[in-house]
J.: 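Structure below; questions to follow.
Just so we're clear, the structure is a prediction, and the values are computed from it rather than from any experiment.
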Amino acid sequence: MAKHAEASPAATQERGVLARVAGAVLLGSALEWYDYFLYGTAAALVFNEVFFPSQSATMSLLLSLATFGVGFVARPIGAVVFGHIGDKFGRKPALVAALMLMGVSTTLMAFIPSHASIGLAAPAILVLLRLVQGAGAGAEYSGAAIFGVEYAPENRRGVYGAIGASGAYAGLVLSSAAVLLTTALTTDAQFLAWGWRLPFMASIVLIGLGMWMRLRLEETPAFEENVQDSRDDHADTPAHSPLRTLLRTQWRNILLVMGMVAAPLALSYVYQVYALAFMAKAGHSPEVGTASLVVAGFAVMLTAPLAGLASDRWGRRPVLLAGAVFAAAYAFPFFWLAGSSNPLLAILAVGIAQGGSVGIMFGVQGVILAELFATETRYSGAAFSREVGAVVFGGMAPFISVGLSSAAGGASWPVGLYVIGLAAITFVAGYLAPETRHRPLDALDKVAKQLPANRADEFDGLEVGAR
């Protein structure tokens, strides 16, 4: 048998760099989103009693879930600030700063006194830290996706763009497992009194590990090339004002992205936050709800990269549209299964919802965000458009779901219709979006710059040859 040719040192080094990038994106996203998802779990299970005690259990829950939505208000601000940093000074400093901001704010939440101790000051401090946490989150997902895509081989951008999604849901697994372990080791009274604080304290250790991983990375080749091109053209910076350039030349893509993220963002939080309250009302224990999130996290960790791989083969739009169709079709079956008396069915319901509805759409979202915007405005464009979409569609999704259900006397059918409506928005936006598969990033840059407010048919019709 003939021996396989040995890989060249350059090829071996490139594989090593790609592996290090993939690992850093995956681990960094997991540790950062541990913080964000941990807040959502606590908002559904414990913050209503610790920070928002009320004679009405529904009102306490609504107030608690409203603070979850407050974090989304700060996300566009974080997107603008860190997007500006990422486009002018590099992707790496923006990601490192966002990670630090989220880690510190989450850790400090562990030390907030309860409402019983300091009154209204307790929820006020919680909201303030949630705003800080949200600002950090406004740069994380898009930045991680861009980092992966700008390093990836041309025919694997979908897979690398999905690494951030897998990492985010690894964070869901970590946060849910931390809550599950804590509830198992404490009584209900102990968990309410102090046990819930332990997973928040653990954030500082996890963030330290994530910082170590990200500080070891080099800047992306696409950004370095853009900086060099700017120097060759005697420009002061890659883009004097990335957001202003973006709003002037690529406003249509901003609107398309907002629509494409509507369903995955909103449904992610419907099935993570509202679903916990729904299952508790159906008689399931908190452990069942938390276990369902662990299963859901593993499901998305599997389906997201598969969706990215499928998008590399068949295109970004077909995969996104398939995810939207699945989300709409599963809207009512989810509530039938989650509301049953069988805990295994309830856990399965959340796993299917996240792995199918959310995982497929999130898996292809990262590469779409990166490919629709030019390099000089890519971070700002991806982060700003996604996070404005998060405010419009995502942040208040649990609150809206509770309100719709309460208005219908506790019935779940209005929430099912709400899910279908969100899926329809994403389907239409995905249908109108341009297909960008197998087109070099530098060629996509030229398209974005040549077509202010480009139309999808013009985008698709341009010939952009391989490098």
Side-chain angles (χ1 to χ4, degrees), residues 39-72 115 123 188 192 262-293 296 324 326-354 356-358 391-426:
Y39 188 99
T41 303
L45 297 178
V46 69
F47 283 173
N48 54 325
E49 296 188 52
V50 175
F51 297 111
F52 302 98
S54 170
Q55 294 181 344
S56 169
T58 299
M59 179 58 66
S60 293
L61 179 61
L62 284 171
L63 290 172
S64 181
L65 295 181
T67 66
F68 180 79
V70 162
F72 285 79
H115 184 279
D188 290 345
L192 189 62
L265 278 174
L267 300 190
S268 173
Y269 297 114
V270 168
Y271 293 136
Q272 285 170 38
V273 182
Y274 170 72
L276 294 185
F278 177 81
M279 287 191 290
K281 188 175 180 180
H284 296 295
S285 67
E287 289 78 11
V288 170
T290 308
S292 73
L293 295 185
F326 183 93
Y330 189 64
F332 287 104
F334 167 77
F335 290 104
W336 299 336
L337 293 172
S340 72
S341 59
N342 188 325
L344 292 179
L345 286 180
I347 292 172
L348 181 65
V350 178
I352 294 175
Q354 292 280 20
S357 298
V358 178
V391 172
V392 175
F393 299 108
M396 299 307 291
F399 184 88
I400 292 172
S401 298
V402 172
L404 289 173
S405 179
S406 298
S412 63
W413 63 264
V415 186
L417 293 177
Y418 175 51
V419 169
I420 292 173
L422 291 165
I425 292 172
T426 291

J.: Please tabulate, for the side chains in residues 403-423, all donor-acceptor contacts under 3.5 angstrom to protein atoms that are two or more places apart in sequence or on a different chain.
T.:
unit_1 : atom_1 : unit_2 : atom_2 : d
Ser405 : OG     : Gly410 : O      : 3.3
Ser405 : OG     : Ala411 : O      : 3.1
Ser406 : OG     : Val402 : O      : 2.9

J.: Rounded to the nearest 0.5 Å, what's the gap from OG on Ser60 to CZ on Phe52? Could you check?
T.: 9.0 Å
J.: If I compare all heavy atoms of Leu45 with all of Thr290, which pair ends up nearest, and what's the gap?
T.: CD1-OG1, 3.9 Å
J.: List the atom of Pro398, the atom of Gly394, and the distance in Å for their closest heavy-atom pair.
T.: CD-O, 3.9 Å
J.: What pairs of residues pass the side-chain hydrogen bond (donor to acceptor under 3.5 Å, both in side chains) test when at least one of them lies in residues 61-72, not counting sequence neighbours?
T.: Tyr39-Thr67
J.: If you define the side chain from C-beta out and look only at heavy atoms, does anything of Phe326 sit under 4.5 Å from Ile352?
T.: yes
J.: Show every side-chain hydrogen bond (donor to acceptor under 3.5 Å, both in side chains) that has at least one partner inside residues 263-273, sequence neighbours left out.
T.: Arg75-Tyr269, Tyr169-Ser268, Tyr169-Gln272, Ser268-Gln272
J.: Whether the side chain of Ser292 engages the backbone of Val350 through a donor-acceptor N/O pair (distance < 3.5 Å, no angle test) should be reported.
T.: no
J.: Output all residues satisfying side chain to side chain contact (heavy atoms under 4.5 Å, CB included) with Ala338, sequence neighbours left out; order by chain, then residue number.
T.: Phe278, Met279, Phe334, Ala349
J.: Minimum heavy-atom separation for Thr426 to Ala263, with atom names?
T.: OG1-N, 2.9 Å
J.: Do Leu63 and Asn48 have side chains that get closer than 4.5 Å, going by heavy atoms?
T.: no
J.: Could you list the residues that satisfy ring-ring contact (aromatic ring centres under 6.0 Å, His included) with Phe399, not counting sequence neighbours?
T.: none
J.: List the atom of Ala277, the atom of Leu61, and the distance in Å for their closest heavy-atom pair.
T.: CB-CD2, 3.7 Å
J.: Quick one: closest heavy-atom pair of Ala327 and Ser357, and the distance?
T.: CA-OG, 3.3 Å
J.: For residues 341-353, which residue pairs pass the side-chain hydrogen bond (donor to acceptor under 3.5 Å, both in side chains) check, not counting sequence neighbours?
T.: none
J.: Measure from the side-chain N and O atoms of His284 to the backbone N and O of Ser340, and report whether any donor-acceptor pair falls under 3.5 Å.
T.: yes
